[in-house]
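Any value given below was found using the heavy atoms of this structure, including those in side chains, with hydrogens, waters and symmetry copies removed.
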Amino acid sequence: MHRVGSAGNTSGSTRARKEKRLTYVLNDADDTKHRAGINCLAYLKNSAPDNYDYLFTGSRDGTLKRWALRDGEASFSATFESHVDWVNDAILAGNTLVSCSSDTTLKTWNCLSDGVCTRTLRQHSDYVICLAAAEKNSNIVASGGLGGEVFIWDIDAALLPIAKTADSTEDDVSNGNTMQPMTSLRCGGTNNNISANNSQSRGYSPIAAKGHKESVYALAMNDSGTLLVSGGTEKVVRVWDPRTGSKNMKLRGHTDNIRALLLDSTGRYCLSGSSDSMIRLWDLGQQRCVHSYAVHTDSVWALASTPSFTHVYSGGRDLSVYLTDLSTRESVLLCTKEHPILQLALQDDMIWVATTDSALSAWPAEGRSPQKVFQRGGSFLAGNLSFSRARASLEGSAPVPVYKEPSITIPGIPGIIQHEILNNRRHVLTKDTAGSVKLWDVTRGIVTEDYGKISFEEKKEELFEMVSIPAWFTMDTRLGCLSVHLDTPQCFSAEMYAIDLNILGTPEDLKINLAQETLRGLFSYWLAKRRQKPGSQASSNGDSSIGKEASVKNAPHSRLEVDDGSENHMNVMLPAFEFSTVSPPSIITEGSQGGPWRKKITDLDGMEDEKDLPWWCIDCVLNGRLPPRENTKCSFYLHPFEGSSLPNVTQGKLSAPRILRIHKVINYVVEKLVLDKPVDAGSSDGTFGSGLSTGQSQLPPIGDGSLRSGLKSWPKLKPNLEILCNNQVLSPEMSLATVRTYIWKKPEDVILHYRLVQSR
């Protein structure tokens, strides 16, 4: 834990502050498909100059994608990557795409660009769930979220250039005072200098519509931007004047959470969908519900209306999409899906259906002439009580869908839903929504084995290894893929010998720090581009001005503590830690002023510095320095086995690296016995280095094949020994850490015994 002076503290006391985390997100396929459920859809018709229609999708994988639509086909067009959590909603405000996320931000994008974020808007205190825009007043956008907050944004004003203020200084960061006023507006994206584009804007704050006491799930706005409706866990529809944020009225009738809202172009009529399975039509002029439609058998999560607002398409948790005539109450089951329906978007005579699956489909909808659907038969009259449809379903009179197959399908990639970090702390076993089981190498970001559809539990048992390596990373699959989290100094706790990583041409005793080499692999593209920049001070030996600043500012963390100095063996990326350029991982971290950001490692331009990246990452990659680490040693006692005629070769407690192999302990005892080396009776404690020692007597490295020359002259006298713990003979390849974890199993220091190999 880094100790920093408290802001405004003149007494000289310190407080703990957690260092910035670095996360990298792994991908095993191309970037043209979503990897998790699709939360939102936005449709753009006939965009000049190419005359394509475009569909924008936002996913639980944290990205948005643009699809070009023409002649009944959909093709991938671009990925918009900057959010660091689920994308919950997206709307179009003119040529600006606005998205919101569980990362508590709104982001703006040029919808026809190559995916560059133009601004990050920060005002919400919790997940941002929903957006609404005024079609004829494209600069007005409303946002709502789990914090019960509703904000109305003037996008044109929010996107004005930001002037850096004098009080936005490095002192705020260095003192740990990173809290910003709630009225601030910050920006971020994928431009060349992240920190510059993350600087704080104090010239604009949105209008707050205050009144919700609980979470807001749905918003809708009329075309002119003069009326806003909201709904959520309070089960009421609130009506606002978005120009002032003032409350107009409150409409009651639903008995559960309100999940979807629509307003007609004039703002007179409102449609609401709820977890009580009901759709309600409200007359805002009369301030009452004029119709209730019992169509679904479970929660209604999505609504889309025809342009004339005469018919509504609805979908939800019951996996079904219905079309309902609002005046005649006639309803028909349009299609069914295998997953709950999250969002609907009408495109002429097709309707796009987004679900909790990563795939997307468009179905015939006859949006211009919806009566054509009813002419196919199978319609029913929607009741006005929620139990009426549920009862009909239970009685076996459930309707048959009009359409069996979609017109267009955009496939997705099955998301990871289960994972297990193996004991070697490099491999992770995963299972996806399709049932496929794969083995990942997190130090290279690749799938090493695809086992297909087999038992996850059986494969996990099969891959079990009796090895003990510190947990140097944590992991989650919230985005449908593996997100690997690195926190200092814990991430630098795991080491392995180069020979165990199959790194050729290296000494047997060379120790590799897994996090250090993984960081070198992740930032190899950043480092290469940095060295190409004019005037860059990064030289071939890894020295840089950034590294020097970081090492000075954080001197207690910059000291390299190693047993033999082997961690700093080179300033190049090892092949065993090389990440793919075909499906490069993305990194997620937090800037000093602009909050979290996300980029592919191949998109880093070398200009990112300590304001954008954690200082400890820079110090590790550029200067090879690691922070002080704990628990890298293992203490133990070494005695002759009971009844053995062998003498005691050491006294007191010994200490050695956790990764030291038992065969090196054997070699140590052999040398002591063969050379008849006396024990330092005055020593009560000993330390093992690369070789083994006790007290002040240090032996040269043992285990690299070169024992002492004296030992070679007495080959016939060399005893054949074995090491035991808890009366169990240990494998020579077992490490001290493994012995402690799986054989000794006690909090006290390990006790080892040696004896001559017994005949078997």
Side-chain angles (χ1 to χ4, degrees), residues 20-36 57-66 76-87 99 101 103 105 107 109-110 113-118 120 188-195 197-198 358 412-413 415-416 440-447 475 477-486 518-530 532-533 573 577-591 594-609 612-614 617-618 621:
K20 294 177 189 173
R21 163 180 283 185
L22 183 83
T23 296
Y24 60 99
V25 182
L26 302 182
N27 302 313
D28 71 329
D30 61 66
D31 190 41
T32 64
K33 299 180 180 69
H34 282 301
R35 293 173 173 81
T57 56
S59 171
R60 295 179 177 182
D61 63 15
T63 70
L64 297 104
K65 295 188 185 298
R66 183 178 67 216
F76 170 78
S77 180
T79 293
F80 299 80
E81 182 176 16
S82 184
H83 283 297
V84 301
D85 208 335
W86 288 12
V87 177
S99 59
S101 167
D103 63 15
T105 71
K107 289 182 182 286
W109 322 72
N110 181 335
S113 72
D114 57 357
V116 174
C117 176
T118 56
T120 298
T190 55
N191 296 331
N192 288 341
N193 194 320
I194 294 173
S195 59
N197 289 283
N198 278 341
S358 57
I413 297 171
I416 296 173
W440 291 75
D441 184 341
V442 298
T443 61
R444 298 175 62 196
I446 61 170
V447 173
M475 175 174 286
T477 57
R478 177 175 170 80
L479 301 180
C481 41
L482 293 179
S483 295
V484 184
H485 309 297
L486 303 181
T518 299
L519 287 172
R520 282 175 171 163
L522 286 170
F523 287 97
S524 61
Y525 308 99
W526 170 80
L527 188 58
K529 292 178 181 179
R530 178 173 176 78
Q532 295 170 3
K533 296 290 181 181
M573 179 182 60
F577 297 87
E578 184 175 1
F579 286 83
S580 168
T581 58
V582 177
S583 300
S586 300
I587 63 168
I588 295 175
T589 190
E590 187 171 358
W597 55 273
R598 173 176 173 173
K599 261 191 181 183
K600 283 188 168 49
I601 60 172
T602 49
D603 291 337
L604 297 173
D605 59 15
M607 295 299 291
E608 298 84 5
D609 57 20
D612 312 310
L613 298 167
C617 289
I618 293 177
V621 174

Participant: Hey, what do you get for CG (L482) to CD1 (I416), rounding to the nearest 0.5 Å?
Facilitator: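 It comes to 4.0 Å.
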Participant: What is the minimum heavy-atom distance between R598 and G62, and which atoms define it?
Facilitator: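 Looking at all heavy atoms of both residues, the closest pair is NH1-CA, 3.7 Å.
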Participant: With rounding to the nearest 0.5 Å, note down the distance linking CG in L604 to CG in L527.
Facilitator: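 The CG atom of L527 is 11.5 Å from CG of L604, to the nearest 0.5 Å.
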Participant: Testing the basics here: between G445 and L26, what is the closest heavy-atom pair and its distance to 0.1 Å?
Facilitator: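 Answer, listing the atom of G445 first, then L26: CA-CD2, 3.6 Å.
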Participant: Can you measure from CD (E81) to CH2 (W597) and round to the nearest 0.5 angstrom?
Facilitator: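 E81 CD to W597 CH2: 10.5 Å, rounded to 0.5 Å.
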Participant: Got R35 and N27 here, is their nearest side-chain heavy-atom distance under 4.5 Å?
Facilitator: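 The answer is yes; the side chains approach within 4.5 Å.
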Participant: Using the side chain to side chain contact (heavy atoms under 4.5 Å, CB included) rule, take D612 and T589 through it: C-alpha gap first, then chi angles, then the decisive distance, then the call.
Facilitator: CA-CA 8 Å; D612 312 310; T589 190; over 6 Å; no
Participant: Would a 4.5 Å heavy-atom cut-off, applied to side chains only, mark W526 and V621 as touching?
Facilitator: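 Yes, their side chains come closer than 4.5 Å.
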Participant: Quick one: side-chain hydrogen bond (donor to acceptor under 3.5 Å, both in side chains) partners of W440, sequence neighbours excluded?
Facilitator: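 Residues passing side-chain hydrogen bond (donor to acceptor under 3.5 Å, both in side chains) with W440: T430.
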Participant: Any heavy-atom pair between the side chains of P585 and F579 that's under 4.5 Å?
Facilitator: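 When only atoms from C-beta onward are counted, P585 and F579 do touch, with a gap below 4.5 Å.
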Participant: With sequence neighbours excluded, what pairs up with D31 under the salt bridge (Lys or Arg N to Asp or Glu O under 4.0 Å) test?
Facilitator: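 Once residues adjacent in sequence are excluded, the partners of D31 under the salt bridge (Lys or Arg N to Asp or Glu O under 4.0 Å) criterion are K65, K600.
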Participant: Could you state the interatomic distance from CG (L64) to CG (D61), rounded to the nearest 0.5 Å?
Facilitator: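 If I round to the nearest 0.5 Å, the distance is 9.0 Å.
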Participant: Do you know the tightest heavy-atom contact between G58 and V87?
Facilitator: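 So the two residues come closest at CA-CG1, 3.8 Å.
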Participant: Indicate yes or no: at least one non-hydrogen side-chain atom of Y24 is less than 4.5 angstrom from one of V442.
Facilitator: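 Answer yes - side chains close enough.
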Participant: Do you know which two heavy atoms are closest between R478 and W86, and how far apart they sit?
Facilitator: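 Scanning both residues completely, I find the closest heavy atoms to be O-NE1, 3.1 Å.
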Participant: So do the side chains of T105 and H83 get within less than 4.5 Å of each other, counting heavy atoms only?
Facilitator: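 Answer yes - side chains close enough.
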Participant: So do V484 and T23 actually touch side chain to side chain, heavy atoms under 4.5 Å?
Facilitator: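 Not touching, per the 4.5 Å side-chain cut-off.
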Participant: Once rounded to the nearest 0.5 Å, what's the spacing between atom CE of M607 and atom CG of D609?
Facilitator: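 That separation rounds to 8.0 Å.
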Participant: Any chance you could lay out the side chain to side chain contact (heavy atoms under 4.5 Å, CB included) test for D85 and S101, step after step, and finish with the verdict?
Facilitator: CA-CA 6 Å; D85 208 335; S101 167; 3.9 Å; yes
Participant: Where do E608 and L613 come nearest, in terms of heavy atoms and distance?
Facilitator: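 Minimum heavy-atom contact is CB-CD1, 4.0 Å.
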Participant: Measuring from atom CZ of F76 to atom CZ of R66, what distance do you get when rounded to the nearest 0.5 angstrom?
Facilitator: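 Reported value, rounded in 0.5 Å steps: 8.5 Å.
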Participant: Who are the side-chain hydrogen bond (donor to acceptor under 3.5 Å, both in side chains) partners of S358, not counting sequence neighbours?
Facilitator: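 With neighbours one apart ignored, the set is empty.
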Participant: Mind listing the closest non-hydrogen atom pair of A36 and S59 along with its distance?
Facilitator: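 Scanning both residues, the minimum pair turns out to be O-OG, 3.1 Å.
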